[in-house]
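We use all heavy atoms of the structure for the numbers below, so side chains are in, but hydrogens, waters and symmetry mates are not. Letters A, B, ... are given to chains in the order of the sequence lines, protein chains preceding strands, and every chain is numbered from 1.
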Amino acid sequence: MAHEHKLEIFRGLWKFKSNIQKIWGVLAFLTFITLIEVGLGIYKPEMFMHTWMTPFEGGFLATLGNIFFSPLIYMKPLNFIFIVLTIVKAYYITWDFMHMRDETKALRRMVVWTGVFLICYLVFILLQEAGYIEGVYTNGYIKRDF
Amino acid sequence: MNTTVATTGTEGKTWGGGTDPLKASYGKMMMWFFIVSDALTFSAFLAAYGFSRFKFIDSWPIADEVFTHVPFFHGNYPMIYVAFMTFVLIMSSVTMVLAVDAGHHMNQKKVTWYMFLTVIGGLIFVGSQAWEWNTFIKGEYGAVKTKGGNILQFGEYVNEDGEQKFKRVAIADFAKAAHGDRVQHESKNGLWYETEGALPEYTIDEVYNGLAAHENVLIRNQIINDEGEKTVLTRAESLKQLKANGTLVVHGANLKVNEYGSPLFADFFFFITGFHGFHVFSGVVINIIIFFNVIIGTYERRKNYEMVEKVGLYWHFVDLVWVFVFTFFYLV
């Protein structure tokens, strides 16, 4: 059985001579990202602890802007960085360890897009509703503390 | 009658049969489909976790303060052990993919060796998780639950490098044990149709007397302030709240109470890491089966090691899920 592997990552910036070398290279990269995550998680640099943008005020365009920039407006930059790094890690685990890089484009899309769309939908619904309930708890007349 | 045999003229084309659609074998493709559906299950769990967390966004426990233990070491090391667990799992993913690669080269010895290492990695991970559960269930400082179901924790300000820092104090270190006249109600010594669980180590009165006697101990509630820290009450307020609202001394975490904060945090912790741990466990079992199959030469006779590749996919998926659990439970 012939097994062709694509031996480059980062769009060809890092090329490997053999599949085994590529595996170790990807491990080094994943370890590096995990170390960054743990470092940030322990030290929590002050600059990442407060949001960088405040919500836009005004009409329709402001609302659109708030939706468009929502990760920066409603999320601490630190958490945003964590989520981005996680997705980067997930990409390299799937693409190189699970050999998604070597599958056909159709199989790749079938697996990835199905997941991405359904998960986005799920996350949106749940977080949206939880935000609403939090509002009821905070602004309503429900006695919470003590 | 040749005409009854249909020749469609599509033989060898993608949908004519005899070829693998998407150039993937049946088994591998089904494994991919299973992984997609399992990924949806896990993302539903994590989204539900997000739901509960958003609901109580201003009083959710801070993971850094909960998971601070490392086996065989005393002290405060947030994240370190989970980072180690993450690394173990990624490492076992690497040995798995090396096993797959050795399988492509039909190298039975190497596949055996790498499968063995993968199983060991998986066992270390499951063991670590068991240890983490144990530590979490046992708890550390203890806390008091209020009538409203909130958690009051204790601590004092100490000077550390010229900085005032709030350090937690264990209930056992300041509570004044009194002669309790309250004994556990069992069916044999009271109402025969009723029984109750073990009594907490201290009663609220004992904790209150201890607090009153220790001038510097303060209460911290769960509300997160602007600095991202839990609110510390004043001395007078501490005494007042404990007296008026304390109902139960809590030590550790279970499905009903959680000394670290919202019980939902413990519920989701047990549920999600438990479900993931179960995946790792079944992965280890499957890996062991494949390991023995490799040893007895099943795949040598079959002349391909695709089975290793298929369990490999599953094993990497377990790693993939952990990457997300790690982020959303411990980091974010």
Smallest heavy-atom separation, B:Leu331 atom then A:Asn79 atom, equals O-OD1, 4.4 Å
Taking side chain as C-beta onward, heavy atoms only, is B:Val100 less than 4.5 Å from A:Phe97?
no
For A:Lys44, which atoms come within 4.5 Å of any heavy atom of chain B: side chain, backbone, both, or neither?
side chain
Applying a strict 4.5 Å limit to non-hydrogen atoms, the region of B:Tyr330 in contact with chain A is neither
Could you look at B:Val82 and say if it's the side chain, the backbone, both or neither that has a heavy atom under 4.5 Å from chain A?
neither
Does any part of the side chain of B:Phe51, heavy atoms only, come nearer than 4.5 Å to the side chain of A:Ile133, both counted from C-beta?
yes
Report yes or no: does B:His316 contribute a side-chain atom to a donor-acceptor pair with the main-chain N or O of A:Met98 at less than 3.5 Å?
no
By a 4.5 Å heavy-atom criterion (distance strictly below it), what part of B:Met29 contacts chain A: side chain, backbone, both, or neither?
side chain
Relative to the ring of A:Tyr137, is the ring of B:Phe56 parallel (under 30°), tilted (30 to 60°) or perpendicular (over 60°)?
parallel
Under 4.5 Å from any heavy atom of chain A, what part of B:Thr86 do you find: side chain, backbone, both or neither?
side chain
Using the side-chain contact (heavy atoms from CB on, under 4.5 Å) rule, take A:Trp24 and B:Val94 through it: C-alpha gap first, then chi angles, then the decisive distance, then the call.
CA-CA 8 Å; A:Trp24 290 111; B:Val94 167; 4.0 Å; yes
Pairs of heavy atoms under 4.5 Å with chain B: top-ranked of A:Leu85, A:Asn19, A:Leu35, A:Val112:
A:Asn19
Count the heavy-atom pairs under 4.5 Å between each of A:Arg108, A:Met100, A:Gln128 and chain B, then report the option with the highest count.
A:Met100
Turns out that what part of B:Val36 lies under 4.5 Å from chain A's heavy atoms comes down to side chain
Contact origin within B:Phe317 toward chain A - heavy atom pairs under 4.5 Å
both
Would you mind telling me which of A:Thr114, A:Ile119, A:Val123 has the largest number of heavy-atom pairs within less than 4.5 Å of chain B?
A:Ile119
Output the distance between atom CG (B:Leu313) and atom NE2 (A:His99), rounded to the nearest 0.5 Å.
8.0 Å
More than 12 non-hydrogen atoms from neighbouring residues, nucleotides or ligands closer than 6.0 Å to OH on A:Tyr121, yes or no?
no
Using non-hydrogen atoms and a 4.5 Å limit, figure out which bit of A:Thr31 sits close to chain B: side chain, backbone, both or neither.
side chain
Take A:Val111 and B:Ile35, measure what side-chain contact (heavy atoms from CB on, under 4.5 Å) needs, and give me the verdict at the end.
CA-CA 9 Å; A:Val111 169; B:Ile35 285 173; 5.9 Å; no
For A:Met110, is it the side chain, the backbone, both or neither that has a heavy atom under 4.5 Å from a heavy atom of chain B?
side chain
Okay, A:Glu103 and chain B: the region with an atom under 4.5 Å from a heavy atom over there is side chain
Tell me, side chain or backbone of A:Leu78 under 4.5 Å from chain B's heavy atoms, or both, or neither?
neither
Under the rule for ring-ring contact (aromatic ring centres under 6.0 Å, His included), what residues qualify as partners of B:Trp60, not counting sequence neighbours?
B:Tyr49, B:Phe265
side-chain contact (heavy atoms from CB on, under 4.5 Å) between B:Phe87 and A:Thr34, worked out:
CA-CA 8 Å; B:Phe87 184 72; A:Thr34 308; 6.0 Å; no
Is it the case that over 12 heavy atoms from other parts of the model lie below 6.0 angstrom from the CZ atom of A:Phe10?
yes
Give the C-alpha distance, both sets of side-chain angles, the deciding distance and a yes or no for side-chain contact (heavy atoms from CB on, under 4.5 Å) between A:Glu37 and B:Phe326.
CA-CA 10 Å; A:Glu37 282 183 336; B:Phe326 175 60; 3.6 Å; yes
